[in-house]
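Working notes for the structure below.
Here is the naming used below: chain letters follow the sequence lines, and residue numbers restart at 1 for every chain. Note that the structure is predicted; figures quoted are calculated from it, not measured.
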Amino acid sequence: MKTLDRARYIRADFMYQTVENVRLTDRFNTRQQIIGTLYLTATHLIFIDPEGKRETWILHSLISSVDKLPTTQQGCPLRVRTKHFLSAELTIPKERDCADLYTTLNQLKPDSYEKLYCFLYQAPNYLEKIWDPFLLATEYMRMGVPNTDWKVEDGNSNFDLCDTYPPLIYVPAMATKAMLIGSSKFRSRGRLPVLTYLHPNGASITRCSQPLSGFSARCQEDEQLLQCILKANPHSTTMYIIDTRPRINAVANRAAGKGYENEDYYSNIQFKFCPIDNIHVMRGSLQKLIETCEMKNPTMNQYLSALDDSFWLQHIKAVLDAAILITRAIEIEKKNVLIHCSDGWDRTAQCCSLSSLLLCPYYRSIHGFRMLIEKEWLSFGHKFSDRCGHTTTSDSKEQSPIFLQFLEAVWQLSQIYPTAFEFNERFLISLHDHSHSCQYGNFVGNCEKDRLDLCVKERTYSFWNFIIQNINDFKNPLFRPQSSYANEVLLPTITSQTLKLWLNMYHRFESALLPKENISNTLTRLVDHTTSLSDHAQLLEKRIRELRSTLDADQITLSSSATTASNEDADDSDIEKGNQSNKICLPEFDSGLSDVDLCQTQQRDSIPSRMNTILQPPPPPPSSSDVESGFSGDYSPHGKIPLSSFILPHQSSLDINDIPTLERIALELNSIALDWRSYNAPVHCDCSLPFDSAQRKYNCWRCGENFCTRCIERSIHLPGLYSNSLAPVCKTCARSIKSSPSFADFSALVKSKSTDFIRSQTAMKLSRSMVDQFNTLR
Amino acid sequence: MVTDLIKIPCVRNLVFRDHLQAYPESIINVTLHNVIVTHKQPDGNYKELWIFYTNMDAIQPKFPMKTEFRSQLPLSPSLASVYTIVLRLKTLETCYFDVPVLDDAIKLAESLDALIANTDGLTCDVTFLFPFCFSRDFDVIQDGWTAFSVESEYSRLQAISDEWRISDVNKDFAICETYPERLVVPKSISDDYLKRSAAFRAHNRFPLLCYLHKSSKSCIIRSSQPLVGPSVRRCKEDESVVNAMLTQRNKKGWILDTRHPNIIKSAQSKGGGCEPDQYYALWRRLNWNLEKHNLLQESFMKLMDACIDQSEKDRWLSKLEGSNWLLHVKETLKTACTVAQTIDCEETSVLVHGSDGWDTTLLVTSLAQILLDPDCRTITGFEALIEREWIQAGHPFRTRCTRSAFGRSSHGYESPIFTLFLDCTWQLLQQFACSFEFNDTLLIELFEHAYSSKFGTFIFNNEKEKKKYNGIKQTVSLWSYFNRPEILHTFLNPFYEPNPNVLWPSVAAPSIVLWRSLYLRFYENQTPQREAWDEYLLIKEKEMQLRSYVNKLRQELLELERKCTEKASNTTSIIKTEKDPVTI
């Protein structure tokens, strides 16, 4: 929460209460207490120590419990626990203040959806309330559905069949309306079997809820529908039904008129149980895990046995085991798999999404992972509001860390395959936190219908927009798209020894416990530095060519210099245009990835090819043709893509004005730091905020020093960059660069070019998606 | 003779398995020094796995193998068509051999069993070990036997303080068998005093300087326990030697005994003990409860038992807890931190000893040096540390590493103390990933070579033994092998940034984690991790190359700029008409 601008939030009219001389107790260093001031605002509980070095911001919606502890000599201690695993003990000198605070904190818990944070939240300027529409149809289209075996059915467009399913459902081509209606009546909460994933080999994953079979009931339509699902896979004569509950739970459900499929009624079915425990067991397990993490200075053995007793890692393993079983059935046995648990929105969501992730490399990209969550969790009605306890109206017995377990399972996989995932740990943590924080509207409500009723798309910001705007923070620097693990089906062998405790999730607020030097941050720094340098190198190459050509032109004959120079210029700009168009136009041709995303991968991909040229010996000195050939490999686009008509004029106008003066070159050189400060050296940011190792730090692209996220501006076009992209710059550098005289005309130039460009891009994107929507509706 | 022990030199047509794969139609050849397993790779090529005899830790035949049980064996092949021999290696690998013929299986198992017993470090003839027949197959750039001399350490020391000298008092190991011949001692102490002090210490291991801290000039000293005995004897010379090393005159030093007070008491009744306060008035005492070597061995065996248990019957974490291994790691690190704290924050000297002064003592002093001294975090510095604090300090490598985590020797002297040291170093490495010049490959290699190696570095119990068997001439030093560019570069940590500070690691329970890349490296697929490592290197390399490329471009650009301005001033025509004239 530190990212928020503090001036905006500590405003008098938002302030409920201020308490001075509050002690914050550090769990691992009980002797050391920080004395500071506590502010209670409409949205946050804020603790600031007198020097303003440490700030603890706690969003009200993240608070899971507030407990009064026995009074001590120093005052009344209040323990605040949050859903993102912060446990703060605040000792308040006066008992009345403590009681007031306690009451207000409890009153501030939202008691209805309307009071959730997302409806109040004012995002920083760079975020807009753009919800780029997620289309289930696009995702199914990617899998090649509809096809001869599977069809789309709009029978649920008014949520008639099932109110927790999306409007469009995908079912076997042979299934009739009657079968669907019949089956939906025979399934708990109408959640009939529908397609969620189709593997290239023809095997599919379908999901549903438990049948209302009791001890003897049967339903012909349901049996027929399952036969249709079986026949939709031409390669196999049998299929699996996987019940993700322990057998005993399934049997117990029979007594309540529910249960599981009777193998006598369903022919060619192999029935399997995957024992994953229910939401109540998981809630208890997390509680024990939290208690383990909160132990005061435990011995090694106390800690390990408490961790063992929590059973948390065993539960994660059970989920992963089920996912691997399904993956094997699909990939190796080529059989269809139908997954259900009780209602088909908790364990089923976990298993479907994890096995899809193992099966399909697309889901391991940031964009694909988003699709996975939109599909398996949001569209198919995982009850986020109930499971995360967004409002006080929801039953506390409904809360359960189902989504967290899924994220942790993904994290465990990313630990086994460090190069296979495009996103990093921070991305997963951020997803977890925002599923609780309600800062964005995405995870509000219990199903799509709830979100439609609340009009979240019109009234709130989108989490995915926030991710895309900060995409560099969420990328795994080790991700190697061409590696075998990023391309293939993953079939890990998971033993209990494989799984580790996720320190950065559960212990993240105890920075003293975490490694002091963080490799993944260092890697991100190296990758960012590489990006800045390669961009800068492109510009330098161009400048060198320009200067050479002017020098050459002068040498040949002074009188004809004008024509030669213009020729050279023309050549140059041609090459550039090719390059630019390659970079910029691609997003339009590929609907699969988001723009920012794609630009990034493009850049990444281009690095190896750039390195080749870098490793070549430097081009031999002047002779215009040599210069050309020396760089041609570098700049020639991979495939000639026709330029859109509206890019051209801007491009050439930039080139005309873009003639280097020595002053300009000096500005360009000064604007890019050759060396970046290591993350290990500084202990605090310029603003005196102490750095800890896990924190994301940024290097200013101009001076190369380290800064915290608050001290970095991202709205500067640095003159030294070829691509004109926005670069992170520290506030001092931003000021000095803005005030330099030659920067003014540069930025004016860039602005006219880029804003037009972005505007046209967005317009195109929106219109395209509208076309898509239109097409699918027809 | 070894050949007498080999009952069957070759077994064909068996299935060789490890934890990840099975290779049918494999062949075992038992040769003079190795068991060679020839197995077919998936690509059709044959690969040979060479297992040194010294690397075999234990076998577990899954059938009765003693001759007296032979009659009870099922004779019908239909009942038991395959006989599995499980061979556990000291490097922690497990090999399975499925032998189709019972007789072959029994003979093979008996041969292996006999060979394992024959390589016991305490009883075997050192000169029959493989390092004595290994002839060097690479060019030596720097001879490892002479790379780390007392003289070079001494010159380093002199830069900080001139109160020390090199003494030849131990020439021909005259006063202490487990110390090297040349030693650094305080200038103010004569050789006679040292001799008397040696007589007062267990195994004559008198107090010796091991580290002098640059900023505070305080030092770490190690010795063995004083022979105080039940009658509380004293030795004034020993007191002078110890006091001479208390460089900080105005402060009391600390004597850190790594044993529990009860153990000290029982040691005292047997003639040992700890320095009595009344005679060592300049020192305060501190006890730290580090376990003895045999308990560590127990713990190591339980740890590996937990690691290789795939049955899922018992809970992994409780088995891990039951092994106590991480507890030992935590306690050791904590002790080392205490020493470092005394040296750096309290600025006073510490004398560390246990009973013999060649096990836990070395563990503590060497780890404290890694925390305090940035030099120890470089590759050469780390090698020097091992040479100085372990090999020359007389850690009995051959007896301690005679068995690893699966086997049992008849004498029970084996102990994973060096492994514990490497594990603690690894814990530091993963908490301070950028402060070490080396990566965990170096630590794993050291682990493997300590237990079984073709080099002579870890096969002697002390310097005297090395001299006796002429180890320097007869064997090759591991450091000669390591210190060549092609090997060294595999040890480099791409993120290394020299860190001049003292390291203060977290020793809280959640921060101490299992060293998977050592203990589980044969039981988990390591390819994805290796791929990630390659990517690390690539990212770093890219950044470095681009940086120098940009630098070059910039210089080129400035050069061109200079030419342009020259031209501009030479000719009246301005390069670009619409621009103002420019000056640099």
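Contacts of A:T493 with chain B are absent, with no heavy-atom separation under 4.5 Å from either backbone or side chain. Only the side chain of A:L313 comes within contact range of chain B, with at least one heavy atom under 4.5 Å from a heavy atom of that chain.
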**OP:** Just do the side-chain contact (heavy atoms from CB on, under 4.5 Å) check on B:Y549 and A:E541 with the steps written out, would you?
**Re:** CA-CA 11 Å; B:Y549 177 61; A:E541 283 163 359; 2.3 Å; yes
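Considering only residues two or more places apart in sequence or on other chains, A:Q412 meets the side chain to side chain donor-acceptor pair (under 3.5 Å) condition with A:E408. Judged as a ring-ring contact (aromatic ring centres under 6.0 Å, His included), and not counting sequence neighbours, A:Y679 has no contacts.
Taken from CD1 in A:I519 to CZ in B:F495, the straight-line distance is 4.5 Å, to the nearest 0.5 Å. Taking OG1 of A:T550 as the reference point, atom NZ of B:K563 lies at 11.5 Å (rounded to 0.5 Å). Atoms CG and CG, on A:L533 and B:L546 in that order, are 5.5 Å from each other to the nearest 0.5 Å. From A:L669, atom CG reaches atom CZ of B:R554 across 5.0 Å, with rounding to the nearest 0.5 Å.
Side-chain contact annotation: A:T495 with B:Q310, donor-acceptor N/O pair under 3.5 Å absent. Defined by atom type and a distance below 3.5 Å, a donor-acceptor pair is missing between the side-chain atoms of A:T530 and B:E543.
In summary, B:R315 and A:D309 engage in a salt bridge, as defined by a charged side-chain N under 4.0 Å from a carboxylate O.
Smallest separation of non-hydrogen atoms from A:S484 and B:E531: OG-OE2, 4.0 Å.
Of all the listed residues (A:L501, A:T522, A:L674), the one sharing the greatest number of non-hydrogen pairs under 4.5 Å with chain B is A:L674.
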